[in-house]
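First up is the structure itself, then whatever we jot down about it.
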There are 2 protein chains.
Amino acid sequence: MNTEGTRRDEIINTATKLFKEKGYSAVTMRDLATAMGMKAASLYNHINSKQEILKAIIISLAEAFTQGMETIKNSDETVIRKLNLIVALHVDITTKNPYGMASLNNDWMHLEEQLEYYLQLREGYEQDFVAIIKNGIASNEIVDTNPEVIMFSILSTLRSLYLWIPNKDDLDPKILAQNLSDVLINGINK
Amino acid sequence: MNTEGTRRDEIINTATKLFKEKGYSAVTMRDLATAMGMKAASLYNHINSKQEILKAIIISLAEAFTQGMETIKNSDETVIRKLNLIVALHVDITTKNPYGMASLNNDWMHLEEQLEYYLQLREGYEQDFVAIIKNGIASNEIVDTNPEVIMFSILSTLRSLYLWIPNKDDLDPKILAQNLSDVLINGINK
DNA sequence: ACAACAAACTAACACTTGTTAGTTTGAATA
DNA sequence: TATTCAAACTAACAAGTGTTAGTTTGTTGT
């Protein structure tokens, strides 16, 4: 046996970076091979298809979000605190794999067999999110604006973190999460 | 002479929709031709290259943002009001061409000769934006948090509008802009 | 020394890519 | 009626695509 997948993981990590720069469709197996210092055919000793790489990148991330949301949803916290935890979840996952988040956001439509499953996870996540917001409105914790506008506004920012975090590695994730929570929840008006 | 470019414009509009669904690289000239009800070679009676289509989509949008920002920047308004105007600018442009915004956000890296120019416009836009926020902090109009976090948070939401607006055409742009301004500036805390 | 094996290689495949050249069609203009 | 012209067509190209088959290489444990 092995340390399980070391070489395969290197390929997936390299692909992740290339996908974030040019997008899945624009990256060829020969590009990937060159970046790995080998020939395209050699990649197939470690992976079964280009598709499979995309799946490995996206599905694990999507499941991490679903699992995190499950925990938050079932926790015994105020709505504001749950929103804090959602922000922290996104900052955490994105900090650990910012390049993969690019594929999650931009290349999900090139999943094939796994497309439906991915959309399911995404749909579930958004339903849980909007339910939390509706609870907050009902319990008078948050302002009574269109709940979907609120979710969209917060989620757009969190989904774009991958564009930003790699350029700001001087910023501590804890502090970033705190600042973001502040701005998203309390606004910027003085 | 002509109504100038009618057929060419149809091709660009059709391409815009296809690009938003699959991304620039994944759309072939044969896909585009099929969607237009013609053969790939016939497209070249109206356009010079695939590249040129992308350029036509992206650069005009980027210039619209730059021009809008110029007007706002030079206007004689409070910082909060300027931010309202920026929100309205994004809602306006995105409502008029939501599909094109997908390319602006996701396919800009496939510009070639125009890439540098695009990046220039984008850089300028962000500098103007962050300058407005810094003014607001200095004049005590807005809260003293990291100005880049504030800009990032607002701009991420505005840049994601294209994902959302096409599904919500029951929502009046004026009302949407108002709701968004509220949430982005005043937050959601009660 | 030998067997086993991970990991690279060369060569080739069937197909798809953007694009060009030259031709046909049918309606508007002279 | 003859001419012009936009806009479609067929045919083909050179290069690039993901992937397969079979082979070589070098290390590791027996």
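Numbers restart at 1 for each chain; the letters A, B, ... are given by sequence-line order, proteins then strands.
Between the side chain of K50(A) and the main chain of Y24(A), a donor-acceptor pair closer than 3.5 Å is present. Side-chain atoms of N106(A) do not come within 3.5 Å of backbone N or O of G23(A) as any donor-acceptor pair. A donor-acceptor contact shorter than 3.5 Å links the side chain of T157(B) to the backbone of S153(B).
E21(B) has no carboxylate O lying under 4.0 Å from a charged side-chain N of K17(B), or vice versa, which leaves the two without a salt bridge. A salt bridge links E52(A) with R8(A); the closest basic N to acidic carboxylate O contact falls under 4.0 Å.
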Please assess S181(A) against N84(A) for the test side-chain hydrogen bond (donor to acceptor under 3.5 Å, both in side chains), listing each intermediate value before the final yes or no.
CA-CA 6 Å; S181(A) 282; N84(A) 287 334; 3.3 Å; yes
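The CG atom of L43(A) sits 13 Å away from the P atom of dA7(C) (whole-angstrom rounding). Here dA12(C) presents its C1' atom at 14 Å from NZ of K39(A), a figure rounded to the nearest Å. The CD1 atom of I11(A) sits 15 Å away from the C1' atom of dG18(D) (whole-angstrom rounding). The CZ atom of R7(B) sits 8 Å away from the C1' atom of dA7(D) (whole-angstrom rounding). Taking atom CD of E52(A) as the reference point, atom P of dG18(D) lies 15 Å away to the nearest angstrom. Atoms CG (L18(B)) and C1' (dT17(C)) sit 16 Å apart, rounded to a whole Å.
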Within the sub-3.5 Å range, which N or O atoms of nucleotides 19-22 of chain D have a protein N or O partner, and how far apart are they?
unit_1  : atom_1 : unit_2 : atom_2 : d
dT19(D) : OP2    : Y44(A) : OH     : 2.5
dT19(D) : OP2    : K50(A) : N      : 2.9
dT19(D) : O5'    : Y44(A) : OH     : 3.2

Could you give the side-chain donor-acceptor pairs of residues 64-72 of chain B under 3.5 Å, partners two or more places apart or in another chain?
unit_1 : atom_1 : unit_2 : atom_2 : d
T66(B) : OG1    : A62(B) : O      : 3.2
T71(B) : OG1    : Q67(B) : O      : 3.3

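Contacts of residues 21-28 of chain B with DNA chain C (heavy atom under 4.0 Å): V27(B), T28(B).
Not one side-chain nitrogen or oxygen of R8(A) sits closer than 4.0 Å to the OP1 or OP2 atom of dA6(C). An OP1 or OP2 oxygen of dA7(D) is reached within less than 4.0 angstrom by no side-chain nitrogen or oxygen of S42(B). Residue H46(B) places at least one side-chain N or O under 4.0 Å from the OP1 or OP2 atom of dA7(D).
At least one cation-pi condition fails for K55(B) and Y117(B): the charged atom is not both under 6.0 angstrom from the six-membered ring centre and inside a 45 degree cone around its axis.
If you run side-chain contact (heavy atoms from CB on, under 4.5 Å) between I154(B) and each of L180(B), I86(B), L184(B), only L184(B) comes through.
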